[in-house]
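First up is the structure itself, then whatever we jot down about it.
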There are 2 protein chains.
Amino acid sequence: MDVAERAGVAKGTVSRVLNNYPDFQVSEEIRERIKKAVVDLNYIPHIGAASLAGKKTRIIAVVWPIGSAPVELALMKRISSQLQKNGYMPYICDMPDDLQEATQLIDDLAQRGVDGMIIAGDDCEIVANGEFYSRFKAVVVETSVPLDITGCDQVVRDQTTAFRQATEHFARSGRHHPLLVMSSQSTSRKEKISVFTDACRSQSLELLTNACVTSPYVPWKPVPGNVVEFLDHLLQNEKFPFDAVLCETDMIALTVMSWLRKRELHVPDDVALIGFNNSDITPFTDPPLASIDRRIDETFNALCEMLFARLDNKDRPEQKYELPMRFIWRESAGGEPPEEANR
Amino acid sequence: MDVAERAGVAKGTVSRVLNNYPDFQVSEEIRERIKKAVVDLNYIPHIGAASLAGKKTRIIAVVWPIGSAPVELALMKRISSQLQKNGYMPYICDMPDDLQEATQLIDDLAQRGVDGMIIAGDDCEIVANGEFYSRFKAVVVETSVPLDITGCDQVVRDQTTAFRQATEHFARSGRHHPLLVMSSQSTSRKEKISVFTDACRSQSLELLTNACVTSPYVPWKPVPGNVVEFLDHLLQNEKFPFDAVLCETDMIALTVMSWLRKRELHVPDDVALIGFNNSDITPFTDPPLASIDRRIDETFNALCEMLFARLDNKDRPEQKYELPMRFIWRESAGGEPPEEANR
DNA sequence: CTGTTAGCGCTTTCAA
DNA sequence: TTGAAAGCGCTAACAG
């Protein structure tokens with residue numbers, strides 16, 4: 001170790017100083033000498049070696065479905081830069097759609113000595129398999145459905161609440177035939193459908209059997225196209241049979257909105273429309289698009305806080321943070337904004 | 001090394017077999033024994049150790065501005081999964097906005113023994129600084145402006161062509177007062193503005209002095225809000241002073257479209273509108289939104305091909321692939337689609 | 001408080 | 001064609 005030579009101390013001392021060992025006292029002079037040598041030699045530790053010798057890597061994996069909503073990517077970007085600020089190296093990975101690939105990825109991560117992991121997404125199969133958590137110093141899980149797992153901290157952004165709020169709003173404002181428009185084949189699809197169905201039933205809304213369009217998910221095939229195809233097909237049977245539409249994304253909602261306009265159907269008078277994700281554009285569409293808020297800011301805070309706390313203290317009790325998504329009323333939803341009490 | 005023991009051979013042999021050394025012949029029997037031991041022991045090589053011992057890491061960094069268009073993220077996702085398929089580990093990093101941070105990141109990457117890098121984005125300052133390329137086995141650069149650098153392979157997706165095509169279209173279809181709506185403070189902003197200005201001039205279009213709105217880039221602040229503010233401000237001076245708008249993103253174009261509709265201005269009769277990125281939704285808006293195609297598929301192919309080729313053969317001549325972005329006519333742009341000859 | 005030393009798991013050179 | 005052995009740069013346990 002050149003730094004040691006240069007500073008005229010032992011390798012061990014350098015290591016201890018550079019890694020800020022908690023209860024290790026060095027003379028201020030030696031500390032200075034080492035610091036200087038580091039600068040002089042432009043020394044950067046070789047993390048391969050560190051990892052080999054059993055030290056932590058200061059790499060945090062962020063496993064995220066990159067195909068998801070832009071607003072989620074913004075969240076990922078924030079997390080990534082927050083990690084960097086705290087001296088960690090973010091290792092952003094795309095959460096594979098395939099279970100086996102995902103398992104492989106996690107194995108790789110563990111093998112590479114990654115210190116911790118923020119793992120997100122609706123791909124619950126892999127996330128729910130808590131078996132691998134023990135291989136990391138810290139694991140924070142983000143899900144949109146509550147999972148029964150241990151060995152990690154959790155942020156649960158439950159969709160159910162929002163689905164229910166939206167459906168309640170439909171019922172309260174006199175809609176009768178809701179439609180759910182989805183297009184992915186995410187694992188959470190079934191979940192979403194059942195939540196929506198339940199919510200409709202509890203509000204005595206008539207859910208037509210073909211109320212869910214789940215167009216085959218072809219990677220990189222434009223999804224709005226599928227939506228339009230489906231709507232065209234629906235319309236063949238004379239009049240538009242729905243008076244309320246809940247969409248899986250704001251983008252789909254915009255597609256539906258344009259489609260309705262072309263058919264001279266009015267939003268919200270003829271059809272109430274609610275999107276999902278509460279993207280930046282929602283307040284500025286015509287009419288403004290009601291949506292579901294994913295609580296990005298709070299999620300960001302919770303995720304980072306939990307991770308750093310766990311990294312600092314492996315033994316702290318497991319945390320579970322509930323951040324249910326929520327319905328944001330705007331004109332496209334029709335009727336009146338829900339009372340504060342309903343929120 | 002347990003595998004060696006288990007297979008009853010020397011560590012070196014295992015290494016040579018597992019890494020497929022080109023001119024190294026082993027008896028089929030030993031090869032089989034090793035293969036079996038690997039499976040039996042569920043062996044995964046420790047890349048920290050490999051890297052320490054001087055071997056390559058099979059990590060490829062993908063440095064990308066994560067804040068960019070969704071369609072670019074789809075591209076990033078494809079690259080990432082392609083890398084994985086070829087046995088590489090993609091290391092996705094957010095290209096920092098700040099030059100110093102970016103330099104730091106590249107240093108880190110080099111230090112970590114990353115084999116290669118795909119580096120993208122308009123942040124030319126760092127990309128143009130070819131000094132660090134030599135530290136990697138393979139570097140592929142993607143830019144939207146031609147750069148004069150060596151030591152890497154390049155994919156140039158020039159924006160100029162598309163800007164010119166769009167502006168020409170405005171002129172040809174009888175527009176007189178074009179507007180450019182942008183909102184980021186990306187390094188390429190100046191570039192975009194000057195390209196647009198030049199194109200207008202060459203078409204004798206009257207470019208009003210305040211034709212570019214570059215709202216202050218506040219991270220995570222909704223950009224459509226800024227656009228609306230700007231347009232509202234514009235309208236204060238009686239009638240809408242523009243008859244053609246080119247937007248930096250399709251999302252901004254959609255915002256402008258809604259805004260115009262609210263003011264009972266018709267697209268394209270009153271105002272011609274062109275977006276950017278040719279996102280999935282563009283064919284399905286009302287009217288369909290003209291846009292600029294980023295040539296995602298071809299870029300994907302070029303990037304991957306170049307990277308793998310370079311990784312295989314360090315000495316091959318440097319490649320430069322030109323994939324100019326191009327104008328995609330749709331109704332919102334008004335007039336007639338450009339002749340094939342104009343493309 | 002600081003120095004010494006034995007590996008971590010792998011590659012690679014040299015020898016057989 | 002295969003084995004043996006010397007490190008790569010660092011940490012951690014132990015010695016002083």
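Below, read A as the first sequence line, B as the second, and so on, with proteins coming before strands; counting in each chain starts at 1.
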Exercise for the section: Please name all residues satisfying side chain to side chain donor-acceptor pair (under 3.5 Å) with B:Lys137, sequence neighbours left out, ordered by chain then number. Expected result: B:Asp115
Practice task
Heavy atoms only: give me the nearest A:Ile60-A:Met117 pair and the separation to one decimal.
Solution key: CG2-N, 4.2 Å
Sub-3.5 Å pairs of nitrogen or oxygen atoms, protein against nucleotides 4-7 of chain D:
none

Exercise for the section: Write down the distance between CZ (B:Arg31) and P (D:dT1), rounded to a whole number of angstrom. Expected result: 11 Å
Exercise for the section: Choose from D:dC10, D:dT1, C:dT11 the nucleotide whose nearest atom is closest to any side-chain atom of A:Ala49. Expected result: D:dC10
Handout entry: Within 6.0 angstrom of B:Tyr321 OH, more than 12 heavy atoms from elsewhere
Key = no
Problem - Partner of A:Val3 under side-chain contact (heavy atoms from CB on, under 4.5 Å), chosen from A:Val9, A:Val14, A:Asp40, A:Thr13 - result: A:Val14
Problem - Partner set under salt bridge (Lys or Arg N to Asp or Glu O under 4.0 Å) for A:Glu305, not counting sequence neighbours - result: none
Handout entry: Between P of D:dG3 and CD1 of B:Ile34, the distance in whole Å
Key = 8 Å
Completion exercise
Exactly one of B:Ile106, B:Val114, B:Leu105 clears side-chain contact (heavy atoms from CB on, under 4.5 Å) with B:Cys93, and that residue is B:Leu105
Problem - Rounded distance in Å - CG (A:Leu52) to C1' (C:dC8) - result: 4 Å
Exercise for the section: Quick one: list whatever passes side chain to side chain contact (heavy atoms under 4.5 Å, CB included) with A:Gln104, sequence neighbours left out. Expected result: A:Asp108
Exercise for the section: Grab the CD1-P distance between A:Ile30 and C:dT2 for me, whole Å please. Expected result: 4 Å
Problem - Pairwise ring pair (Phe, Tyr, Trp, His ring centres under 6.0 Å) hits with a residue in residues 89-112 of chain A, at least two apart - result: A:Tyr91-B:Tyr91
Handout entry: Test salt bridge (Lys or Arg N to Asp or Glu O under 4.0 Å) applied to A:Glu72 and A:Lys77, A:Arg78, A:Arg157, the passing residue
Key = A:Arg157
Completion exercise
Whole-Å distance, A:Asp115 CG to D:dT11 P, equals 13 Å
Exercise for the section: Examine D:dT2: is either OP1 or OP2 under 4.0 Å from a nitrogen or oxygen in the side chain of B:Ser27? Give yes or no. Expected result: yes
Practice task
Could you state the atom-to-atom distance from CG of B:Leu41 to P of C:dG9 in whole Å?
Solution key: 13 Å
Handout entry: Spacing between B:Arg33 atom CZ and D:dT1 atom P, to the nearest angstrom
Key = 16 Å
Problem - Degree of bending in the helix from C:dC1-D:dG16 to C:dA16-D:dT1 once both end axes are built from five pairs, to 10° - result: 40°
Problem - Selection from C:dC10, C:dG9, D:dC10 that lies nearest to any side-chain heavy atom of B:Tyr43 - result: C:dC10
Practice task
In whole angstrom, give the distance that lies between atom CD of B:Gln25 and atom P of D:dT2.
Solution key: 9 Å
